[in-house]
Amino acid sequence: STEKGEQIIHGRFLHITDIHPDPYYKTGSKQDGFCHSGKGNAGKYGDAILGCDSPMVLMEDTIKWIEDNLKDKIDFIVWTGDNIRHDNDRRYPRTELNIFEMNQQVSDLMYDTFKNKKDPNLKVDLIPSLGNNDVYPHNLFSPGPTLQTRELFKIWRNFIPASQLHVFNRGAYFFQEVIPNQLAILSINTLYLFQSNPLVDNCDKKKEPGYKLFEWLGYVLKEMRSRNMKVWLTGHVPPNEKNYDISCLRKYIVWSYEYRDVIIGGLYGHMNMDHFIPLDSVAAYKSIRKSLKGK
Amino acid sequence: ASSKDVEDELVQKFLVDNLDSDSDSDSDDEDDITEPLEDSNMYRVFDENHDEDFVRVQGGIPSGKVKYMETLRESLYATIKGKRKSGTSSERYSLAFVSASVVPTFNPGLRVWEYNITDLGEKLTKKTQFEPWDSFFTGLETMMQSFEKYDIEDEDDTFKINENDDLATIFKKKRDKTFPLPKPEKLPLGPGYVPQTFTPERYVQYFADLEGINSGKKDFSYEFEYSTDNEIYELGTLVVDEWIKLGRKLGKPIKDKKKEEEDDEGGKKKKKKKKNKKKKDGKSKKSKNKSASDNAEDVLQKIWNTYLKHTFISSNYEN
């Protein structure tokens with residue numbers, strides 16, 4: 001590409017999600033106090049099932065492990081959000097500034113690890129997406145442009161193509177051509193589809209940011225199809241009936257169905273559990289039909 | 001002009017396929033009918049068994065997640081249709097892959113996908129000329145600027161119809177671009193469905209064994225947890241059809257159980273008993289069949305247990 005010159009394609013990519021680094025984590029503290037204080041058994045790298053967030057060393061050594069073992073073998077990294085601790089300890093309430101600062105710290109670590117030493121471009125493309133904990137207060141994200149979308153663009157400026165600044169400022173979604181004119185990753189802001197975001201209602205009203213997101217998606221997918229490009233959809237919150245508003249979920253499913261020549265699949269995080277979700281286009285169309293007939 | 005013709009044709013197809021028809025193409029099949037997606041349809045059990053913070057806040061000690069997976073198994077995997085209704089490449093379905101987190105809700109996990117790059121060199125050397133991206137972004141920005149009018153428009157004004165308008169006229173008058181038009185038939189299925197360049201072929205799941213690392217038995221490292229081509233999942237390549245087959249296997253015991261219950265309710269219990277009585281004579285044959293079906297059940301149980309182990313990143317949470 002003109003930006004990167006020659007690029008070796010390995011046929012591999014990494015998906016990393018929900019790092020949740022917690023600067024207040026203390027080794028040997030009490031797990032029932034979120035590993036922030038007291039005397040307990042909190043392990044150096046954190047403990048499975050005991051409910052604490054990630055110690056900083058877990059994040060740092062994870063990224064280091066990727067650098068040592070994967071960096072030269074992968075083409076790009078899909079990184080699906082939640083780069084800050086949960087807001088679960090009243091003794092340490094999160095502020096908007098905390099959220100921006102930690103996201104900046106994680107973003108800097110990622111950039112420094114995966115940048116090209118010869119020039120400012122990344123050696124391995126990183127495609128971030130917005131987690132429900134990356135916003136203040138958690139889950140709440142309003143239509144842009146806002147302070148949050150501007151800050152996010154600043155934090156992710158090394159990962160988002162400059163040509164998409166204005167679009168990003170409106171909705172915190174964008175796409176990255178990971179193999180020029182061949183393969184793209186679409187980073188969807190799933191908080192506009194998320195039932196738990198009280199600032200959005202559905203994806204059927206034109207005022208809603210979720211409605212606008214689907215117009216953007218349609219515009220982008222149409223172009224991808226005309227260029228014979230293929231895409232992965234990525235985001236933080238996965239599509240299911242519990243997470244997405246029904247009007248958003250059925251649209252997501254029918255777009256995936258009608259662009260089955262273009263869309264390879266969807267990559268998500270948020271649930272902390274490894275599983276796959278089949279999405280049924282017939283059920284989605286039936287739901288749409290039912291809703292349209294009502295009108 | 002030709003692009004408009006194509007669009008008109010697609011609008012018509014969309015209407016015929018999805019809106020004008022009242023018939024439920026599923027209803028005459030032995031397979032159960034497809035329920036439309038509903039707000040509370042799929043995760044009702046999930047709602048009943050969890051406090052409201054479970055999904056909203058996340059974090060903290062995980063609870064009820066096996067129940068969640070059982071609900072998913074019942075509502076998503078056990079309801080996957082048969083081959084005929086799913087399409088030859090299971091194109092009725094699309095997939096969302098949820099990966100393990102780094103945060104140790106269970107053990108930290110990372111996933112490395114491997115995808116087909118055959119013929120990529122050839123594709124890259126083809127000098128197809130496209131309009132520069134600049135003009136695409138200009139168009140995109142113009143479209144997005146027009147969104148501002150949505151904020152001041154009265155929602156009802158955008159959908160004025162005459163009493164005699166048929167559905168096609170209404171649809172064309174104000175086509176909602178947040179609904180896609182049907183895929184043009186001439187376009188072949190993409191890499192998600194048919195093996196080709198960019199088809200995912202396999203992924204390797206890595207995990208950090210925190211117990212071993214914290215105790216000092218192991219240095220910090222991510223180790224191999226499983227790959228999709230293992231002897232349990234046997235996913236040759238990661239096209240949708242392969243996942244749908246795995247989904248059917250995961251859901252089969254639940255589907256069979258439901259069918260049995262429905263049969264019982266329908267008064268078929270007696271008939272079954274009679275049949276069983278008759279079959280008593282051929283005891284040896286029956287016991288052979290039984291052991292075959294027991295074996296099949298064991299295999300399916302093994303697949304589910306392995307799947308749960310991987311769902312919870314080898315943390316033993318499910319036990």
Side-chain angles (χ1 to χ4, degrees), chain A residues 9 11-15 17-20 43 45-46 48-49 51 54 61-62 65 86 88 163 166 196 206-207 211-212 214-215 218-219 223 227 230 238-239 241-242 246 250 255-256 258 260-262 264-268 271-279 281-287 290, chain B residues 18 34 36-37 39 42-43 55-56 59-61 76 91-107 110-115 117 130 136-137 140-141 143-144 147 150-151 155 177-178 180 182-183 187 189-192 198 210 213-214 220 222 243 247 310-311 315 317:
Chain A
I9 307 293
R12 258 181 240 108
F13 70 89
L14 170 72
H15 182 191
T17 194
D18 293 74
I19 302 174
H20 287 289
Y45 285 97
I49 313 176
S54 300
D61 286 6
T62 295
W65 185 87
H86 290 96
N88 50 15
S163 49
H166 293 131
S196 303
K206 289 187 166 186
K207 289 183 178 70
Y211 183 95
K212 294 166 184 169
F214 279 107
E215 277 210 40
Y219 198 92
E223 182 71 13
R227 288 172 183 255
K230 307 300 172 194
E241 288 183 29
K242 187 69 202 169
I246 187 70
R250 61 193 179 207
W255 277 102
S256 298
E258 300 301 358
R260 58 199 182 277
D261 53 321
V262 176
I264 303 169
L267 306 167
Y268 297 89
M271 308 296 285
N272 309 314
M273 296 181 290
D274 173 348
H275 62 290
F276 72 99
I277 304 173
L279 302 163
S281 62
V282 174
Y285 268 125
K286 278 191 178 177
S287 176
K290 206 172 147 190
Chain B
N18 298 297
T34 305
L37 291 174
D39 263 333
M42 206 183 289
Y43 290 89
V55 170
R56 254 187 324 108
I61 297 171
L76 290 183
E91 58 269 28
R92 168 179 178 150
Y93 295 96
S94 53
L95 295 170
F97 299 96
V98 185
S99 188
S101 310
V102 171
V103 69
T105 302
F106 304 103
N107 275 312
L110 297 170
R111 177 171 295 178
V112 176
W113 287 81
E114 297 171 10
Y115 62 97
I117 50 172
F130 293 106
F136 164 79
F137 285 118
L140 182 60
E141 281 185 31
M143 182 191 82
M144 294 192 77
F147 289 170
Y150 296 165
D151 300 332
E155 195 79 30
K177 290 194 172 162
T178 62
K183 179 179 85 62
L187 293 176
L189 289 171
F198 300 132
L210 287 181
I213 294 166
N214 284 326
F220 180 83
Y222 278 80
W243 287 103
H310 295 154
T311 294
S315 64
Y317 172 81

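Order of the sequence lines sets the chain letters (A, B, ...), proteins ahead of strands, with each chain counted from 1.
A distance of 6.5 Å separates OG1 in B:T105 from NE2 in A:H86, rounded to the nearest 0.5 Å. Atoms CD1 and CG, from A:I246 and B:L37 in turn, are 4.5 Å apart once rounded to the nearest 0.5 Å. Distance check: B:Y222 OH to A:W65 CH2 gives 8.5 Å after rounding to the nearest 0.5 Å. We find the CG-CD distance between B:L76 and A:E241 to be 7.5 Å, quoted to the nearest 0.5 Å.
Using a 30° and 60° split on the angle between ring planes, A:Y219 and B:F136 fall in the tilted class, from 30° to 60°.
For the pairing with B:S94, the side-chain contact (heavy atoms from CB on, under 4.5 Å) check across A:P278, A:S281, A:S256 returns one residue only, A:S256.
The shortest heavy-atom contact between B:E141 and A:S163 is OE2-O, 3.9 Å. For A:I264 against B:P191, the heavy-atom pair with the smallest separation is CG1-CG, 3.9 Å. Across every non-hydrogen atom of A:M273 and B:V98, the tightest pair is O-CG1, 3.4 Å.
The contact between B:F198 and chain A is made by backbone and side chain atoms together, counting heavy-atom distances below 4.5 Å. In this structure, the portions of B:L140 lying under 4.5 Å from any heavy atom of chain A include both its backbone and its side chain. With a threshold of 4.5 angstrom between heavy atoms, A:K212 approaches chain B through its backbone and through its side chain. Using a 4.5 Å cut-off between heavy atoms, B:M144 touches chain A through backbone and side chain atoms alike.
Side-chain contact check for B:F220 versus A:T62: some heavy-atom pair is nearer than 4.5 Å. The shortest side-chain heavy-atom distance between A:L267 and B:W113 falls under the 4.5 Å cut-off. Residues B:S99 and A:D274 fail the side-chain proximity criterion, which asks for heavy atoms closer than 4.5 Å.
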Take A:E215 and B:Y150, measure what side-chain contact (heavy atoms from CB on, under 4.5 Å) needs, and give me the verdict at the end.
CA-CA 12 Å; A:E215 277 210 40; B:Y150 296 165; 2.4 Å; yes
Between A:I49 and B:F106, does a side-chain contact (heavy atoms from CB on, under 4.5 Å) hold up when you go through it step by step?
CA-CA 5 Å; A:I49 313 176; B:F106 304 103; 4.2 Å; yes
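Options A:F276, A:F214, A:Y268 differ in how many heavy-atom pairs under 4.5 Å they form with chain B, and the most are formed by A:F276. Among the candidates B:S315, B:G247, B:P104, the residue making the largest number of heavy-atom pairs closer than 4.5 Å to chain A is B:P104. Taking B:L95, B:N107, B:V103, B:L210 one by one and counting their heavy-atom pairs under 4.5 Å with chain A, the maximum is reached by B:V103. Note on A:R12, A:H20, A:R250: by heavy-atom pairs under 4.5 Å with chain B, the leading option is A:R12.
Under the 3.5 Å distance criterion, the side-chain polar atoms of A:D18 are left unmatched by any main-chain donor or acceptor of B:A100.
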